[in-house]
Amino acid sequence: MKHTLGLFIDPKHQRIVYILAFAIAFVTSFAIFTASYLSNAYFAISSYTQLSLSNLNRQTEAAIRGFDALESLPPGNACTPATIERLRDASFLPDGINEFMFVGNGKVLCTSTSGLLPAPVSLGEPHIDRSAAGPLDLWFDVNLGAFGHRSEYGTILQRGRFAVIMPKVDISLGRPPWLDIEGVYWPGSGIPFHANGTPGLFAVNLAADQDGWSWSSRRVARNTCVHGTYTCMAVAVSIPALLWHSLGWLALAVVFCALLAGFAAGRIRAFLQRYSAFEARFLRNMTPERLVCSYQAVFDTTSREITGCEVLSRWRDIDGSIVYPDRFIPILEREGQMLAFTRMMVRRAWNELSEIVPPDRHLQINFNISPQDFLKSEIPHLLEPFLAIPERFSVAVEIVESDKINFADAEKIIESLRAKGIKTYIDDFGAGYSNLENLAHLSADAVKLDKSFAMAPPHSLMAEMLDFAVQMAHAIGRSIVVEGVETQERLEHLLNGPCPVHFIQGYFISRPVDIRSFVALLAQGTPALHALQRPQKCA
Ligand code: C2E
Ligand code: CA
Ligand code: CA
C-alpha cells in the first residue's frame, strides 16, 4: 500500500489519479443507478402484466360463477319469463358482466338486456372450443347487433345452456407510456384472438420468440400465458420511448453521480496531498532533534529479569505529534535515507543508554535493520560504541526476511557480525510468506515469532499455531523471542507450553517507553513475574 501510494506523490500522477478515481466512481455509481432503474422498470413490466392478466381471468371466473348460479334453472331448452328474470338477476351482480344469454338447441334465444329475441341467433362454430378451453366455447369479434348492441363487436363465452358477452377491459389504466401491451385469448396454437390493448402485439412477439423475452436494439418484448387458461399478455418496451421518458431521471442521475464522483475523487486527492505533504515535511525535518527513541523491555524467562530492550524509532512532527515508524520507514527506504536514519538512531540510543542506565547493569540492545542496509559493511561500524564496552552492552540486529537479501550473502554477513560480537535475530518469523527452509539454514542467533501469534484471540487458529511456531523455532535450534504478549494468560501459557521460550516482549511486560521510564522499569524490576512457573523442557 505504502509503495503504491509512493507512486502518486508526484502532482502530475495525482492529477491522473484524480481523473481515474472520478471516472471509476462516476461509471460505478451510474451503473448502479442504471441497474436499479432497469430493475424498477422490469418490476413495473412484470407487475403490470400480472395485473392485466388477472383482470382478464377474473372476468372469465365471474362468468363461470354466473353459469354455476344459473344451473339451478329447471332443465329444458325453452326461454321462459322466469329464465329471463334469472338472467337479469345474474347480470345485476357487481362483477363487471352485464349480459347473460340463454342458448337452446345451439341458438341464443333470449338475453338479460333484450329479453326474448325476435328470432333465435346461431353463433356458428366456436373459435376456441371446449376441448381447448375447459368447459367453455369462445367466439371473438362477434357482431353484437343481433343481441341489441348495434355496431358493436365482442367476445362471447358459452357453457351449456348459458353464454355471456364479455365486457371490454381497459388496460390503459396506469400503463407506463413506454410500455405496449395486448391481452389475447390463445389456446397455445393457431391464431391469437385479441382481447384488449394494442392489436397484433402478441403475434409480433410470437414471431420473434415463442417463449420468454425477445430482444432487439429498439425493443424488448415478452409474451406471458397463464398456465391452465387461454389468456395471454404480450408486452413490449420501446427502448427509444423508455429513454425519452427517462430523460429527466437520466439528467438527474448524471448530475448526482458526477457530484458523488467529484466528492470521492476529491477525498482521494486530499488524502494523497496530505500523504505527499507528510513525505516532504518528514524529509525536510529528518533531524536528530525530531527523532525519538522508544525502548521496549525484553524479559528473560530464565532469570525473570529484564535483560535488554528493542530500540524503536518515532518522529516528532512539527505540530508535536508523534509519528510511528510504519509511516516513515517506507519513505526512508524509498529515498535511500535508511542508513542515515539508523546512524542517527544508534547515536541517540547510545547517548541516552550510556548516560542513564546504571553502569553495573548489563543490557542487550536490539536494533531493527532494514534489509537493504543489512548487507552494507557500515553496520558494525555504527554499533562500535556499544561493542567497545561489552561489560555493559551487547548488541543484536533484527532483520526481516526479504527478497532484497540473498541467503548466501546473508549467511556471510551473519558470520562476520558474529565475529565482531553482534548477534543477528530473524524478526517477524512466521509472518506472511516466509521461506522457512532458507531461514532454518541461516545461523542466526535467535528468532522472534511474529507478534500476530501471541496477540491472536484465545482459541483462534493463530493462537493454536503459537505452540507449533514455538516448536518449529525450537527445532531449528535457535533462541526464541515471543513478541506481542499482552496478557498474563498468554504469558503463563508460554511459560507452561511444551517448549521453552527464552525471551518475551510485549505490552504485558512493558510498552515501548522513553529512556527515563525504561530505566525506572529496570530499577523496579518485575517482582510479580518471579512467582510464575519456570518454562518446561521441550517435548
Ligand atoms: P517490530 O520490529 O516487529 O517491532 C515491534 C512492534 O510491535 C513495535 O511497533 C511495538 O510497539 C509493537 N509491539 C510490541 N509488543 C506489542 C504488544 O504486546 N502488542 C502490540 N499491539 N504491539 C506490540 P512499532 O514501534 O510501531 O514498530 C513497528 C515496526 O517498525 C517495527 O516492527 C520495525 O519493523 C519497524 N521499526 C521501528 N523502528 C525502526 C528502526 O529504527 N529501523 C527500522 N529499520 N525499522 C524500525
Ligand atoms: Ca523488531
Ligand atoms: Ca517483530
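Quick note: numbers below take in every heavy atom, side chains included, and nothing from hydrogens, waters or symmetry partners. Remember, predicted model here, so these are calculated numbers, not experimental data. For reference, positions follow the sequence shown, starting with 1. Note that ligands are numbered from 1 as they come in the structure, with each ligand's atoms numbered from 1 the same way.
The cationic atom of Arg327 (NZ for Lys, CZ for Arg) lies less than 6.0 Å from the six-membered ring centre of Phe278 and within 45° of the ring axis.
Among Gln505, Glu310, Arg511, the one residue that satisfies the side-chain hydrogen bond (donor to acceptor under 3.5 Å, both in side chains) test with Gln296 is Gln505.
With ring centers used as reference points, Phe33 lies 6.0 Å or more from Phe256. Between Tyr37 and Phe30, the gap from one ring centroid to the other reaches at least 6.0 Å.
For Arg343 and Glu378, the salt-bridge test passes: some basic side-chain N is under 4.0 Å from an acidic carboxylate O. Residues Asp445 and Arg418 are paired through a salt bridge, judged by an N-O separation under 4.0 Å between the basic side chain and the carboxylate.
Summary: OE2 is the N/O/S atom of Glu310 found nearest to the Ca ion (ligand 2).
Counting only distances under 3.0 Å, and ignoring water, the protein N, O or S atoms around the Ca ion (ligand 3) are Asp427 OD1, Asp428 OD1, Glu483 OE1.
Closer than 4.0 angstrom to ligand 1 sit non-hydrogen atoms from Gln296, Glu310, Leu312, Ser313, Arg314, Pro325, Ile329, Met338, Met345, Asn368, Ser370, Asp427, Asp428, Lys451, Met455, Glu483, Gly484, Val485, Glu486, Gly506, Tyr507, Pro512.
Sequence neighbours left out, the pairs with a member in residues 474-486 that pass salt bridge (charged side-chain N to carboxylate O under 4.0 Å, His left out) are Lys448-Glu483.
When only modelled atom types and interatomic distance are considered, Arg58 and Asn55 share a side-chain donor-acceptor pair under 3.5 Å. Thr287 and Glu289 are linked by a side-chain donor-acceptor pair at a separation below 3.5 angstrom, with hydrogens and angles left out of the test.
Because the distance cut-off is set at 3.0 Å, Asn366 fails to qualify as a neighbour of the Ca ion (ligand 2), as none of its N, O or S atoms comes that close.
Under the salt bridge (charged side-chain N to carboxylate O under 4.0 Å, His left out) criterion, Asp300 pairs with no residue, sequence neighbours left out.
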